[in-house]
Amino acid sequence: MDISVVVPLYNEAESLPELCAWIERVMTENKFTYEVIFVNDGSTDDSWEVIRKLSAANPAVKGVAFRRNYGKSPALNTGFARAQGDVVITMDADLQDSPDEIPALYKMIMEDGYDLVSGYKQKRYDPLSKTIPTKLFNATARRVSGIKNLHDFNCGLKAYRLKVVKHIEVYGDMHRYIPYLAKLAGFNRIGEKVVHHQARKYGKTKFGLDRFVHGYLDLMTLWFTGKFGGKPMHFFGLWGSLMFILGFIAVAVVGFTKLYNMYNGNPYTLVTNSPYFYLALTLMLLGSQLFLAGFVGELVARNSPRRNDYEIDEELRIN
Ligand code: UDP
Ligand code: MG
């Protein structure tokens with residue numbers, strides 16, 4: 001099969017027939033063999049009924065329904081697990097992404113050798129309250145992830161080589177960072193294609209402004225787990241030790257100064273009169289706390305069932 005189109009959706013009943021017909025048209029015009037996997041994320045409208053009808057009319061249309069609403073990431077992950085096409089395309093259900101982009105995306109994966117191609121909504125039809133924070137968000141994501149050529153991490157329209165979606169796990173709200181997840185899994189050929197974007201035709205957006213708060217927190221989580229997830233001591237141990245040593249030196253200086261003055265008959269005061277004493281105390285306490293956090297982290301990491309789960313690309317002559 002050439003292409004799997006994965007569509008996560010939550011209450012998008014009005015858009016589905018139009019979207020499905022449009023995908024079918026593009027696929028037949030380009031003679032692709034394909035499947036469309038609608039992942040119904042616990043919709044409370046009649047989306048699932050609509051999908052049933054679409055599927056009855058065309059066997060290439062498949063569906064999975066969650067019993068309740070979990071979010072876009074779990075929906076994508078479920079679709080990815082079931083996808084079989086050489087190229088997997090993800091697309092929002094709200095008709096903001098255009099199926100006409102599919103042939104070009106397919107070509108970029110199959111002929112130009114990309115592992116992942118992200119859409120870039122250069123001209124967006126969204127309110128300003130969304131487009132301005134989005135610019136900031138993408139600039140941060142570029143810096144933190146080191147994927148310098150992407151302008152639109154969270155674009156719903158993306159194309160993947162099949163093995164990419166089988167090797168990444170999209171959980172929580174991590175759909176915003178799939179390119180980063182792919183990079184962490186060792187897929188480096190990440191490209192971008194400028195795509196057409198339209199205003200939402202039916203229904204309303206499912207994400208509010210809290211998307212940016214959550215987005216930043218998730219980015220920090222990914223950065224941290226990507227870098228230190230398997231070796232927490234390299235982070236906590238380093239900073240813990242540095243703080244502890246600094247505090248120790250400060251205490252020693254304060255103590256020795258007092259002793260020195262005592263034995264030489266100079267005037268001296270209680271060590272607790274020196275502000276450095278309190279600074280030193282704080283540093284030593286925080287330092288040992290950090291060190292302990294690192295130690296506990298190591299124990300947790302050691303017990304992770306995935307501690308020896310590597311991304312193996314190819315093997316030769318191994319049975
Ligand atoms: N979506 C979903 N589960 C959710 C929220 C959204 O499957 O809990 C789907 C939604 O139906 C749409 C896509 O994710 O197909 C993108 O959502 P939306 O268009 O609301 O996001 P926006 O375009 O405003 O970023
Ligand atoms: Mg949308």
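Since we're looking at a predicted model, the values are computed, not measured. Atoms within each ligand, like the ligands themselves, are counted from 1 in listed order.
Cation-pi geometry between K231 and F235 is not met at under 6.0 angstrom from the ring centre and within 45 degrees of the axis.
For atom 14 (O) of ligand 1, the nearest protein heavy atom (residue, atom name, distance) is K72 CD, 3.4 Å. Residue, atom and distance of the protein heavy atom nearest to atom 24 (O) of ligand 1 are T205 OG1, 2.5 Å. Scanning the protein heavy atoms around atom 9 (C) of ligand 1, the nearest turns out to be P8 O, 3.7 Å. Protein heavy atom at the shortest distance from atom 23 (O) of ligand 1 is Q96 OE1, 2.9 Å. Protein heavy atom closest to atom 1 (N) of ligand 1, with residue, atom name and distance, is Y10 CB, 4.0 Å. Summary of contacts: the protein heavy atom closest to atom 19 (O) of ligand 1 is D94 OD2, 2.5 Å. Taking atom 11 (O) of ligand 1 as the reference point, the nearest protein heavy-atom neighbour is E12 OE2, 2.6 Å.
The Mg ion (ligand 2) has Q96 among its coordinating residues (N/O/S atom, backbone or side chain, under 2.8 Å).
Contacts between K206 and ligand 1, counted as non-hydrogen atom pairs separated by less than 4.0 Å, involve both the backbone and the side chain. Under 4.0 angstrom from ligand 1, the non-hydrogen atoms of R211 all belong to its side chain. The side chain of N69, and not its backbone, has at least one atom closer than 4.0 Å to an atom of ligand 1 (non-hydrogen atoms only; side chain from C-beta on).
With no hydrogens or angles considered, a side-chain donor-acceptor pair links S4 and E35 at under 3.5 Å. Defined by atom type and a distance below 3.5 Å, a donor-acceptor pair is present between the side-chain atoms of Y310 and N308. Using modelled atom types, one finds a donor on one side chain and an acceptor on the other under 3.5 Å when comparing T44 with N11. No side-chain donor-acceptor contact under 3.5 Å links D173 and S73.
Atoms of ligand 1 lying under 4.0 Å from at least one heavy atom of F207, given by number and element, are 5 (C), 6 (C), 17 (O), 21 (O). The contact set between ligand 1 and R200, taken as ligand atoms under 4.0 Å from a residue heavy atom, comprises 18 (P), 19 (O), 20 (O). Atoms of ligand 1 found under 4.0 Å from any heavy atom of D41, numbered from 1 in the order shown, are 2 (C), 3 (N), 4 (C), 7 (O), 8 (O). Every atom of ligand 1 with a heavy atom of L9 under 4.0 Å away is listed here by number and element: 7 (O), 11 (O).
Contact detail for A159 and I109: the closest heavy-atom pair is O-CD1, 3.7 Å. Contact record, L290 with F236: O-CB, 3.2 Å, taken as the closest heavy-atom pair.
Residue K130 places a heavy atom less than 4.0 Å from ligand 1. Taking a 4.0 Å cut-off on heavy atoms, G71 registers as neighbouring ligand 1.
No other N/O/S atom of D94 lies as close to the Mg ion (ligand 2) as OD2 does.
By the 4.5 Å heavy-atom criterion applied to side chains, L16 and I51 are counted as neighbours.
A salt bridge links E18 with K201: at least one charged nitrogen is closer than 4.0 Å to a carboxylate oxygen. Residues K163 and E311 are not paired through a salt bridge, judged by the lack of any N-O separation under 4.0 Å between the basic side chain and the carboxylate. Ion pairing between a basic and an acidic side chain is recognised when a charged N comes within 4.0 Å of a carboxylate O; K206 and D92 show no such pairing.
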